[in-house]
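Only a predicted model underlies this, so the values are computations on that prediction, with no experimental measurement involved. All chains are named by letter (A, B, ...) in the order of the sequence lines, taking the proteins before the strands, and each is independently numbered beginning at 1.
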2 protein chains.
Amino acid sequence: MILSDRRKRVTIKDVAQAAGVSTQTVSRVMNKFSYVSGETRQRVEDVVEQLGYRPSTLARSLSQQRSYTLGVVTFGLKYIGPARTLNGVADKADELGYMLLMKELDNFNTNRIDDVIDSLLARQVDGIVWVAPEIGDNHTWVEERMNKIPVPVLFLAMQPRNGISSVATDNYQGAVLAIQHLLDCGRKNIGHISGPLSWWEADERKRGWKETLSAAGFDVCEKRCAEGNWSSSSGEQAFIQLLDSFPEMDAVFVANDQMALSVLRESHRRGINVPEELAVIGFDNIPESAYFHPSLTTISQDLQLLGEQAVQNIVEMIQARQENRPIPAQSIFIQPTLVIRESSMRI
Amino acid sequence: MILSDRRKRVTIKDVAQAAGVSTQTVSRVMNKFSYVSGETRQRVEDVVEQLGYRPSTLARSLSQQRSYTLGVVTFGLKYIGPARTLNGVADKADELGYMLLMKELDNFNTNRIDDVIDSLLARQVDGIVWVAPEIGDNHTWVEERMNKIPVPVLFLAMQPRNGISSVATDNYQGAVLAIQHLLDCGRKNIGHISGPLSWWEADERKRGWKETLSAAGFDVCEKRCAEGNWSSSSGEQAFIQLLDSFPEMDAVFVANDQMALSVLRESHRRGINVPEELAVIGFDNIPESAYFHPSLTTISQDLQLLGEQAVQNIVEMIQARQENRPIPAQSIFIQPTLVIRESSMRI
DNA sequence: CGATAACATGTTATCGATAACATAATAGCA
DNA sequence: TGCTATTATGTTATCGATAACATGTTATCG
């Protein structure tokens with residue numbers, strides 16, 4: 001039963017009156033864990049059922065100074081990555097009894113960031129999860145403002161920083177996996193199409209490419225690398241450029257699957273055989289990538305898990321603070337995995 | 001400035017005291033539109049700035065019985081469709097000064113639905129936007145419960161119903177566009193791979209296929225149609241089945257781009273030339289579809305706009321209710337458009 | 001059997017704001 | 001110049017719950 005009468009909200013007073021007890025007793029019945037006689041409890045519960053009483057979480061939040069709500073700041077929801085992460089966040093929050101108060105960022109104007117945080121705090125969120133990528137120095141404000149924010153904050157996909165909690169995919173390791181796989185396949189000339197290098201994640205992937213190749217004794221000059229902006233069309237541009245600057249290339253590590261898709265397409269158009277002449281490996285493992293032609297070898301990152309982990313962590317932080325225990329900040333890395341398909345192959 | 005002291009929230013009382021006025025005067029300064037002398041206003045504003053005072057939206061919501069928050073119920077966020085819709089919802093909500101309280105559904109247990117609604121109402125949302133598809137009879141509860149919900153509710157992607165507000169893509173018209181295009185291309189034997197027919201949207205698309213072909217004098221028996229579940233792998237199965245039951249097929253309308261992708265792939269594998277021997281048209285226009293091989297002709301639906309429209313509407317409903325005006329429920333259809341690429345071609 | 005603990009319930013203050021009402025000072029006008 | 005309208009501000013009640021404290025009633029035990 002939702003509300004017996006749409007006119008007016010049924011309050012704790014109504015229940016108290018109808019059951020002939022004090023509001024406090026009703027509160028006790030609703031929240032368990034306190035002395036109420038079986039008889040009284042039954043009577044109150046009957047009235048609750050009958051009137052369709054639902055406590056106002058709002059009022060409770062005010063009086064308890066705690067809302068069981070997490071603030072979530074997102075960016076780029078229209079892309080599948082952030083959306084999947086948010087999905088994980090939502091699932092775990094639900095499981096742990098929290099609701100989400102969402103705010104989407106459209107850009108990284110710093111004033112706006114303060115406003116967003118303020119608007120969440122004004123609604124008494126118990127913690128804030130930051131589901132927005134680190135781009136350029138857009139996270140520098142973090143350092144100065146963090147200690148002024150009176151609730152725990154957890155960042156996703158942020159470069160680990162001292163004293164700040166974060167959860168991120170280990171992009172560097174993912175790239176290492178990718179390059180090692182290509183080397184295992186016998187490739188000697190491995191190029192890279194990166195994401196926008198102002199993104200921390202893109203930079204990490206590139207670093208993995210570079211360092212793994214160096215360590216294996218290969219040359220890694222800038223000619224062997226081109227920069228895209230994650231979109232398929234930018235991937236096409238980057239690939240064309242790379243074909244020109246690095247013609248002996250026999251494998252390419254592409255920083256995401258969307259861009260890898262256009263590499264497959266352009267290769268086909270030019271009569272370059274994948275994987276015989278050119279091995280291609282992507283990053284993300286979007287559901288479509290198994291159906292590309294040829295199917296795409298890629299690095300799978302579990303964004304759902306990332307989101308879940310984030311919520312798990314921040315809820316622990318919240319509880320710790322509640323109980324006045326020290327809250328050690330920690331940075332967690334989640335390991336991606338290699339998914340081998342047709343686009344890479346031993347030669 | 002966010003909070004000058006993390007210990008304790010700065011309240012309206014602190015400001016009042018520091019400025020030597022009553023809390024009411026502070027409230028007046030914060031909310032404009034009332035008599036306050038310039039001098040007092042200035043003094044209060046200075047104190048506000050100095051203490052970093054931010055009014056508690058929570059407290060305000062309680063006393064005003066209005067939260068400037070919309071409840072959003074989502075389903076399948078990990079898929080790009082719902083995510084893009086949510087993006088539109090978030091943008092528009094932000095623009096109109098609303099926050100979003102989010103709840104994700106994991107299934108359609110009816111009890112759970114009541115709980116979700118209750119938990120949103122308990123937080124005083126001003127309205128509810130339902131971003132979950134209509135599947136089977138999972139929306140029948142709507143009719144019985146709608147009038148018990150004390151705030152406006154707006155449904156996305158729901159079959160229009162009397163007295164209930166909704167916003168949806170015109171899936172039927174989209175299918176009509178697709179089939180007409182194929183007919184214009186000179187195709188005579190047009191098959192269909194549908195989504196799960198328990199989904200209203202899938203059913204509408206199929207209806208468009210069927211009725212348009214009938215109207216054009218073609219036969220549309222069930223052999224010319226197969227059912228998938230939106231995923232690429234199900235699309236592959238359906239396509240294989242269709243090749244068998246409808247071998248003379250020279251064009252296929254696929255209910256979403258993911259499934260169309262696997263049709264392209266399987267065609268290539270079997271040496272069926274697209275578009276020469278088989279024209280393929282999808283639905284959704286996901287960003288990757290322009291980079292499929294061959295690039296995919298598809299029906300583009302603007303989910304972002306869908307979400308924006310939804311918020312626009314519900315906010316109007318909220319305001320109308322506030323001012324005690326009648327609230328005529330309306331069902332809005334958004335028209336999809338045809339995007340012609342390589343996979344369809346005149347013969 | 002009296003003291004103490006456990007149980008059961010009520011009263012009052014509080015969370016942080018706004019609404020409604022009250023009051024005082026100034027201004028404009030007949 | 002006295003009266004009403006406007007401006008400026010304060011006081012009290014209220015939103016819907018819980019926290020803290022108070023009080024009365026049963027068990028329990030030495």
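Listed by chain and residue number, nothing satisfies the salt bridge (Lys or Arg N to Asp or Glu O under 4.0 Å) test with B/Glu104 (two or more places apart in sequence, or in another chain). By the salt bridge (Lys or Arg N to Asp or Glu O under 4.0 Å) test, A/Glu144 is found to be paired with no residue, residues two or more places apart in sequence or in another chain being considered. For A/Glu323, the salt bridge (Lys or Arg N to Asp or Glu O under 4.0 Å) partners at least two apart in sequence or on another chain are A/Arg325. The salt bridge (Lys or Arg N to Asp or Glu O under 4.0 Å) search around A/Lys103 returns B/Asp94, not counting sequence neighbours.
Here the P atom of nucleotide C/dT18 and the OH atom of B/Tyr68 are 12 Å apart, to the nearest Å. We find that CZ of B/Arg60 is positioned 14 Å from C1' of D/dC15, with the value rounded to whole Å. Look at CG on B/Leu51: it is 14 Å from P on C/dG16, rounded to the nearest Å. Rounding to whole angstrom units, CG of residue B/Leu58 and C1' of D/dT18 are separated by 14 Å. Computed from coordinates, the B/Leu121 CG to D/dG16 P distance equals 14 Å when rounded to whole Å. Atom C1' of nucleotide D/dA17 and atom CZ of A/Arg66 are separated by 16 Å, given to the nearest angstrom. Summarising the geometry, the separation between NZ on B/Lys13 and P on D/dT11 is reported as 13 Å, rounded to the nearest angstrom.
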Provide a list of protein-nucleic acid N or O atom pairs under 3.5 angstrom, restricted to nucleotides 19-21 of chain D.
from: D/dA19; atom 1: N7; to: A/Gln24; atom 2: NE2; distance (Å): 3.4
from: D/dA19; atom 1: N6; to: A/Gln24; atom 2: NE2; distance (Å): 2.7

Please determine whether side-chain contact (heavy atoms from CB on, under 4.5 Å) holds for the pair A/Leu70 and A/Ile318, giving the CA-CA distance in whole Å, both sets of side-chain angles, and the decisive distance to 0.1 Å. CA-CA 10 Å; A/Leu70 298 177; A/Ile318 290 168; 3.6 Å; yes
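Residue A/Ser27 places at least one side-chain N or O closer than 4.0 Å to OP1 or OP2 of D/dT18. Considering only side-chain N and O atoms, A/Ser37 lies under 4.0 angstrom from the phosphate OP1 or OP2 of C/dT9. Distances shorter than 4.0 Å separate none of the side-chain N or O atoms of A/Tyr35 from OP1 or OP2 on C/dA8. Proximity of B/Ser56 to the phosphate of C/dC15: no side-chain N or O atom is located under 4.0 Å from OP1 or OP2.
Rotation axes derived from the C1' atoms of the five outermost pairs at either end of the helix from C/dC1-D/dG30 to C/dA30-D/dT1 lie 40° apart, to the nearest 10°.
Using a 4.0 Å heavy-atom distance criterion, A/Ser22 is classed as a base contact. B/Thr40 comes within 4.0 angstrom of sugar-phosphate atoms only, judged by non-hydrogen atoms across all strands, and of no base.
The two residues B/Ser67 and B/Gln124 make their nearest non-hydrogen contact at OG-O, 2.5 Å.
Remark on DNA chain D: of its neighbouring residues B/Gln65 and B/Arg43, the 5'-side contact belongs to B/Arg43, judged by nearest-heavy-atom nucleotide. Positionally, the nearest nucleotide of DNA chain C for A/Leu62 lies more toward the 5' end than for the other of B/Asn31 and A/Leu62. In terms of position on DNA chain D, the residue among B/Ala59 and B/Thr25 whose nearest nucleotide sits closer to the 5' end is B/Thr25.
Proximity note for A/Val21 (side chain, C-beta onward) versus D/dG16, D/dT18, C/dG10: the nearest is C/dG10.
To the nearest 0.5 Å, the span separating CZ on B/Arg66 from CD on B/Gln322 amounts to 4.0 Å.
Looking at A/Leu121 and A/Pro150, their side chains come closer than 4.5 Å, going by heavy atoms from C-beta outward.
Taking the charged nitrogens against the carboxylate oxygens, A/Asp126 and A/Arg321 have no contact shorter than 4.0 Å, which rules out a salt bridge.
For the side chain to side chain contact (heavy atoms under 4.5 Å, CB included) criterion with A/Val73, the lone passing option out of A/Ile113, A/Val131, A/Ile128 is A/Ile128.
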